[in-house]
Amino acid sequence: MIKPRVLGFWAILLCLTGCQPALPAPVAVSEPEHFAKILYPEDNPTTIEGLALGKQLFYDPILSVDSTISCSSCHLPELAFTDGRSVSVGINGRIGKRNSPGLANIGYLHQTLFWDGRADDLETQALHPVADPNEMGGSWPLLISKLRRNENYWPAFQRTFGLIEIRELTPDHVGKALAQFQRSLISSDSKYDRVERGEADFTEVEKLGHAIFFDLADEPDPEFHGLPTGECAHCHIPPHFTNQRFFNNGLDEALLLEDFKDIGRALVTGSVYDNGTFRTPGLRNVALTAPYMHDGRFNTLKEVISHYNSGGQYAENRNANIFKLGLSPDQEGALVAFLHTLTDSSFVNNADYHQ
Amino acid sequence: MKYISFFALFSVLFVLACQDDDYNPTRSENITTTIQFRAEYDNTNLAIQSATYAYPTGAELKATLFQYYISDLVLLAADGSEVGLSDIELIRYEDATADNIEERTYDVPSGDYVGLRFGLGVKPDLNATDPSNFAANDPLNENEFWNANARYVFAKIEANADLENDGTFDTGLSYHMGSNDLYTTITFAGNFNIDGDGDPQLVITADMLKALSDGTNTFDIADPDKQRVHGGNQAVATEIWGRLVSQFELSLQ
């Protein structure tokens with residue numbers, strides 16, 4: 001027996017939701033204990049239906065104008081969702097400007113997305129590549145009419161978002177489904193995590209690299225006193241190894257701030273002081289995501305470390321924590337070894353993430 | 001399936017409704033009050049990166065970051081009681097496009113007040129917590145800690161210096177301070193009334209230069225051992241910290 005008062009409530013509810021078909025129930029994607037929870041947008045909780053639809057879209061070249069390129073062309077699961085190229089190659093072999101970032105734990109980056117932070121969240125980020133002439137080269141109106149007519153996609157969108165008529169399907173729904181899938185890409189079982197949980201031990205070399213990465217020479221515990229500090233964890237802060245903020249880490253000399261080839265963050269802020277600054281990338285699975293930096297200039301982690309060890313090139317906005325580190329070749333190697341402990345093979349091999 | 005989905009929506013609405021019901025008419029005596037945290041360099045508005053500042057040793061500086069945590073921000077009421085405004089705030093200036101004023105807004109009971117107090121830094125019980133215990137957008141999960149599971153960095157001052165006056169700001173200065181020993185309570189006395197009518201603007205000002213130099217004693221930024229304080233060499237930092245603590249000002253405008 002449903003009490004009348006409750007019935008009235010259902011009626012109000014029905015009207016509030018615009019008398020739409022029922023939405024599928026949100027599901028909780030399991031998250032590791034030691035991460036602060038993903039901040040889900042209120043209007044896009046993950047559902048079984050949305051997750052499946054998002055995954056299908058992610059792997060489907062239907063999103064590109066000539067059906068040759070999918071999201072996964074540039075974000076391959078076996079490379080922790082990067083593409084192994086210095087800069088990405090889109091439709092008709094068009095060369096992009098930037099290196100494809102990995103997507104491990106991308107749902108935890110709640111501040112901004114892209115190297116220059118030009119998207120605020122995964123829902124809106126997904127709208128970019130489809131229309132980018134260097135990436136999928138398409139137009140949204142065209143894609144939406146393809147999806148509306150598609151006998152597989154239309155019912156899936158209908159179910160996932162409670163749509164009735166095909167004209168209700170918009171790019172927002174594509175963005176939301178892709179966001180749901182990407183928020184499920186969680187990496188938390190690297191050797192680093194297992195050591196943190198007390199389930200594994202670093203080798204001597206990894207331990208040395210860990211100590212340099214986290215400046216343990218500065219700690220009260222004398223074990224590492226006298227060791228150079230790597231200063232890495234000012235910016236690459238665990239658990240995701242990024243503070244999500246924008247810095248110049250000394251890649252290019254710029255006697256004038258105007259000299260930077262790719263002005264990075266300044267494209268968004270319009271401030272010359274942000275020229276040549278980029279969002280600190282997360283380092284999870286970094287051993288799998290070569291080449292490195294926003295333009296993929298370094299092929300190996302060894303090159304990355306020798307860049308940092310050199311203190312980098314001058315620019316007046318080079319971050320104050322980038323300076324000559326004085327690492328010996330062995331210590332450089334130890335840092336590389338530590339970065340390898342961030343590889344999570346269970347993430348890369350997770351069948352849920354694959355097509 | 002259908003039923004469950006309604007239930008999910010129901011609970012969302014219910015929460016919203018509850019919040020509305022919770023609205024307490026006696027809180028209408030509360031006045032929405034904004035406190036300004038203002039940053040300066042040598043008594044002028046701090047401008048991140050865009051300004052070139054003279055340093056007392058003759059060097060020039062471009063400021064890139066100035067930030068500090070405060071804990072237990074309270075107003076001291078005339079009747080001897082205390083009105084807690086916030087457990088923790090992170091005040092940060094790092095954006096060349098932003099101004100030098102950070103604002104925080106609180107509900108303050110109307111009445112007479114005789115002062116304001118806060119602790120500079122992260123108070124010991126919070127300093128013992130793991131950042132991941134807090135929501136991803138909580139001030140205590142703002143990536144301001146020393147390593148994976150260690151204590152917080154209470155304050156940071158970063159700048160690029162031109163020591164040789166050759167026009168290149170090629171010496172990084174990076175002072176990161178924080179430890180339970182450094183945590184310091186700062187109390188201001190000053191009478192003010194908050195009643196929603198012509199209330200004073202409370203302004204808490206911190207001056208980056210005054211933390212480095214008090215006019216008599218100046219931190220020697222040319223000494224390579226004094227260009228960085230990160231963690232362990234906090235002994236070097238106590239000098240800066242001491243000055244940082246003592247230069248805060250409260251003004252009622």
Side-chain angles (χ1 to χ4, degrees), chain A residues 9-10 12-14 16-17 21-26 33-39 42 45 47 108 110-111 162 192 196 213-221 225 229 231 233-235 237-239 242-245 255 257 269-274 311 314-323, chain B residues 1-10 12-14 48-50 52 62 64-65 94-97 130-138 141-150 153 156-162 167-176 179 227-234:
Chain A
F9 192 85
W10 290 129
I12 291 168
L13 250 186
L14 277 173
L16 280 178
T17 55
L23 292 169
E33 283 274 307
H34 60 298
F35 292 176
K37 295 270 173 287
I38 290 178
L39 301 172
E42 264 169 46
T47 61
Y108 290 95
H110 62 92
Q111 299 193 358
Y192 166 82
E196 283 286 303
F213 192 96
F214 288 108
D215 297 359
L216 297 193
D218 275 351
E219 290 292 301
D221 181 345
H225 284 181
T229 53
E231 314 290 336
H234 297 297
C235 305
I237 299 183
T242 168
N243 59 3
Q244 302 188 51
R245 306 206 330 257
L255 293 175
L257 287 172
T269 64
S271 165
V272 69
Y273 302 104
D274 292 328
Y314 174 75
E316 69 170 56
N317 62 355
R318 175 179 51 184
N319 184 268
N321 298 304
I322 305 288
F323 53 84
Chain B
M1 192 54 102
K2 202 169 188 173
Y3 185 79
I4 298 174
S5 72
F6 274 122
F7 183 74
L9 271 169
F10 172 79
V12 170
L13 280 176
F14 187 65
I48 294 294
Q49 285 196 57
S50 57
T52 303
K62 293 204 181 228
T64 51
L65 176 69
E94 63 165 347
D95 184 351
T97 58
D130 180 342
S132 293
N133 294 344
F134 299 94
N137 55 0
D138 191 282
N141 202 354
E142 262 290 335
N143 297 302
E144 301 300 349
F145 29 93
W146 301 102
N147 65 43
N149 28 33
V153 185
K156 289 185 177 179
I157 294 175
E158 294 186 7
N160 284 328
D162 176 4
T168 57
F169 293 78
D170 52 358
T171 303
L173 305 174
S174 175
Y175 306 116
H176 295 186
S179 70
Q227 290 166 353
R228 271 180 296 283
V229 176
H230 293 160
N233 52 342
Q234 291 288 306

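The structure displayed is predicted, hence computed values, not measured ones. In what follows, every chain begins at residue 1, and chains take the letters A, B, ... in the order their sequences are listed. Values reported hereafter were calculated over all heavy atoms of this structure, with side chains retained and with hydrogens, waters and symmetry mates removed.
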With a 4.5 angstrom heavy-atom cut-off, which part of His34(A) approaches chain B: side chain, backbone, both or neither?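 For His34(A), the backbone is the part near chain B, not the side chain.
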Heavy-atom contact with chain B under 4.5 Å, split by part of Glu231(A):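 Contact with chain B is through the side chain of Glu231(A) alone.
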Please classify the contact between [X] and chain A as side chain, backbone, both or neither, with a heavy-atom cut-off of under 4.5 Å.
{"X": "Asp170(B)", "answer": "both"}
{"X": "Ala161(B)", "answer": "neither"}
{"X": "Gln227(B)", "answer": "neither"}

Please report the shortest heavy-atom distance between [X] and [Y], naming the atom on each side.
{"X": "Tyr314(A)", "Y": "Phe169(B)", "result": "OH-N, 2.7 Å"}
{"X": "Leu173(B)", "Y": "Ala320(A)", "result": "O-CB, 3.4 Å"}
{"X": "Ala135(B)", "Y": "Ala36(A)", "result": "C-CB, 4.3 Å"}
{"X": "Phe145(B)", "Y": "Ile237(A)", "result": "CE1-CG2, 3.3 Å"}

Could you tell me whether the side chain of Asn137(B) reaches within less than 4.5 Å of the side chain of His110(A), counting heavy atoms only?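 In contact.
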Do Phe323(A) and Arg228(B) come close enough that some side-chain heavy atom pair is under 4.5 Å?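 They are in contact (side-chain heavy atoms under 4.5 Å apart), so the answer is yes.
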With respect to chain B, which residue among [options] yields the maximal number of heavy-atom pairs within a distance under 4.5 Å?
{"options": "Asn317(A), Ile322(A), Asp215(A), Thr47(A)", "answer": "Asn317(A)"}
{"options": "Asp274(A), Asn243(A), Asn321(A)", "answer": "Asn321(A)"}
{"options": "Lys37(A), Gln244(A), Glu33(A), His234(A)", "answer": "His234(A)"}

Taking 4.0 angstrom as the limit, do Glu144(B) and Arg245(A) come out as a salt bridge?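 Yes, Glu144(B) and Arg245(A) are salt-bridged.
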Value rounded to 0.5 Å, distance of CG in Asp95(B) from OG in Ser271(A):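 Between Asp95(B) CG and Ser271(A) OG, I get 7.5 Å after rounding to 0.5 Å.
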Between CG of Leu255(A) and OG1 of Thr168(B), what distance do you get to the nearest 0.5 Å?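 Between Leu255(A) CG and Thr168(B) OG1, I get 8.5 Å after rounding to 0.5 Å.
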Okay, side chain of Tyr273(A), backbone of Thr97(B): is any donor-acceptor separation there less than 3.5 Å?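 No, the answer is negative, given that no donor and acceptor are paired below the 3.5 Å cut-off.
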